[in-house]
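Just below is one structure, and these are the notes that go with it.
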Amino acid sequence: MSTLPIMLQLNGHWDSIEICKDFNVDGIVVNEDSNYSQLNSAITEHLMIDTSAKIIEIKYTVNERCPPMKIRNDMGVRVYMETKKENRSLGMYPLCITVRDFDLECSSILPLAYAVVDSENDTSWMWFFEKFKHAYGEKPNMCVVLDRNESILNATSTVYTSMPHYACMWHIWTNVRSKFKKGHLKLSKLYFATARPYTLDEFNERMSQIEVIDTCFKAYLYDIGYHRWSRVHATVNRTWTMTSNIADSLNAVTKDARELPVVELLEYMRALLEHWTNEKLLKAKGTFTYLGKKIQQRVGGQQDIIAEDEMRASTYHIHTVIDGVKRFIVCLQNKRCSCGQFQLDVLPCAQALAALRHRNESYENYCSPYYTRESLLHTYEIPVDPLPDESKWNVPQHIIEEVVMPPTGKDSQGDLKNKDTIHMMK
């Protein structure tokens, strides 16, 4: 099996023209057929990174005229390996590694349930969602963001008959890369920019640009359904949850643990969630602002963007805000702005903050309660209970008598299949 030497550029920063600078250098050797999980493990093990508390971001640059490419999944690794094989020297196509705290996307995603199954199929997913619904119920404005896995779609459609289903925008892009063979660089920038707009005008403008490059790509996105991947078309407010990559991050963290026997695996997961819950509770207790730290920074960074003389009041609630050459209408009573951001993020945009400043009013009553320090405290004050000594376990008799057989499937090397850990996030 062939291997490739790869230079690692550690903890640098990207300058204004997207060149990595001021980095430390290291190196690894990996197999050419490595997948994302194997590459991630090779890097974190070599650099001795605690994957229960940290995650890594992997980027590389093909040439100076192109922006850096981010490796997120198996397809990203495959593209990198094919590129690297064209020039196998150590210094070519180094991987730029950034280490950061396991943040769960601005603390807006909370792991609620996990299960150990033989494989991901219709039966296991149906069982999982039935158990999840029994424990969690069905809440207003719930939705499923998935990687277009047919088994997840079948199970959720049966268990949650009225719940909308959305596609992970990154998994759609990996399908695009394999289906459409040209224009990836231009299409990539346009596609992700088209998925995130807050208004239909912005969306339609970018779709027109996509049509100029590739009409078949536009037709492909239309056939999927705009509401499946576009934030502005979604029937349920997805806020910032546009991908299912958080599940991939959790899978990377638990990769080695999945080789353990089931009881040890479950204890590893329990201890991991116990650690995360306690860590986030301490962070929430150490926050002394009305909003959580990251959301507070976002709001604070927008408060003085628009000058006082660029805003005028039409009524007590309705204001016109001029931002450069653009004109926006803000209605504070309905918590809406013509930019779309106020109502979709449920958080005041720069224009709304300018209107509030004009009224000498605090923004606190115009933010979703889910962003507040109080909500964070309520979320993480429920502890993950410690596991008592095995001698103290109260195990029902029918569980004691149940015989659990090992998986019968084999992979290409003849080993037993790895246990799949299914995650459900909200």
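Counting from 1, the numbers follow the sequence of the chain as shown.
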So does I400 have more than 12 non-hydrogen atoms from other groups sitting under 6.0 Å from CD1?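 Enclosed.
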If you draw a 6.0 Å radius around CD in E381, do more than 12 non-hydrogen atoms from other residues or ligands fall strictly inside?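 Yes.
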Sub-4.5 Å side-chain heavy-atom contact between [X] and [Y]:
| X | Y | value |
| --- | --- | --- |
| R373 | T289 | no |
| I43 | V30 | no |
| I58 | I97 | yes |
| Y80 | L95 | yes |
| S124 | N121 | yes |
| T194 | W229 | yes |
| S2 | E32 | yes |
| E267 | L387 | yes |

Worked verdict on H165 versus T156 for side-chain contact (heavy atoms from CB on, under 4.5 Å): CA-CA 9 Å; H165 299 81; T156 53; 2.6 Å; yes
Measuring from atom [atom1] of [X] to atom [atom2] of [Y], what distance do you get when rounded to the nearest 0.5 angstrom?
| X | Y | atom1 | atom2 | result |
| --- | --- | --- | --- | --- |
| M126 | N154 | CE | CG | 7.0 Å |
| K294 | R298 | NZ | CZ | 12.5 Å |
| I6 | S34 | CD1 | OG | 7.5 Å |
| I210 | E205 | CD1 | CD | 11.5 Å |
| I295 | T287 | CD1 | OG1 | 11.5 Å |
| K218 | Q209 | NZ | CD | 11.5 Å |

With distance as the sole test, does [X] use its side chain to make a donor-acceptor pair with the main-chain N or O of [Y] at under 3.5 Å?
| X | Y | result |
| --- | --- | --- |
| R231 | A195 | no |
| Y93 | K85 | no |
| Q38 | N35 | yes |
| S230 | H227 | no |
| Y166 | V236 | yes |
| K133 | V159 | yes |
| T83 | V79 | yes |

Begin with the C-alpha distance, continue with both residues' side-chain angles, and end with the deciding distance and a verdict on side-chain contact (heavy atoms from CB on, under 4.5 Å) for Y370 and V346. CA-CA 10 Å; Y370 292 112; V346 201; over 6 Å; no
Shortest non-hydrogen separation from S151 to D122 and the atoms involved: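 Nearest pair, atom of S151 first, then D122: OG-OD1, 2.8 Å.
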Considering all heavy atoms, the nearest Y191-W173 contact: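 Heavy-atom minimum between the residues: CE2-CB, 3.8 Å.
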Could I get the full list of ring-ring contact (aromatic ring centres under 6.0 Å, His included) partners for F217, not counting sequence neighbours?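 F217 satisfies ring-ring contact (aromatic ring centres under 6.0 Å, His included) with F180 only.
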Please verify the inter-ring angle class for W125 with F129; under 30° counts as parallel, over 60° as perpendicular, anything in between as tilted.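 Parallel, since the angle between the ring planes stays under 30°.
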Taking the inter-plane angle between the rings of F203 and H233 on a 0 to 90° scale, is it parallel (under 30°), tilted (30 to 60°) or perpendicular (over 60°)?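 Because their plane-to-plane angle is over 60°, the rings of F203 and H233 count as perpendicular.
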Validate the cation-pi geometry between R359 and Y316: distance from NZ or CZ to the six-membered ring centre under 6.0 Å, angle to the ring axis within 45°.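 Yes, a cation-pi geometry holds between R359 and Y316.
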Take N31 and T3, measure what side chain to side chain donor-acceptor pair (under 3.5 Å) needs, and give me the verdict at the end. CA-CA 4 Å; N31 293 327; T3 59; 5.8 Å; no
Show me the donor-acceptor pairs within less than 3.5 Å that the side chains of residues 326-342 make with the rest of the protein, sequence neighbours left out.
unit_1: K335; atom_1: NZ; unit_2: N365; atom_2: O; d: 3.3
unit_1: S338; atom_1: OG; unit_2: I329; atom_2: N; d: 3.0

For D345 and Y198, does a side-chain donor sit closer than 3.5 Å to a side-chain acceptor?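 D345 vs Y198: donor-acceptor pair found between side chains.
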Could you tell me which residues satisfy side-chain contact (heavy atoms from CB on, under 4.5 Å) with D201, sequence neighbours excluded, listed by chain and number?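 With neighbours one apart ignored, the set is T199.
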Please walk me through it: do E138 and S162 pass side-chain contact (heavy atoms from CB on, under 4.5 Å)? CA-CA 10 Å; E138 188 168 356; S162 59; 3.7 Å; yes
Output, in order, the C-alpha distance, side-chain angles, deciding distance and verdict of side-chain contact (heavy atoms from CB on, under 4.5 Å) for L291 and Y363. CA-CA 10 Å; L291 301 173; Y363 58 81; 3.9 Å; yes
Can you check salt bridge (Lys or Arg N to Asp or Glu O under 4.0 Å) on R270 and E274, steps first, answer last? CA-CA 6 Å; R270 188 208 61 78; E274 179 184 50; 3.4 Å; yes
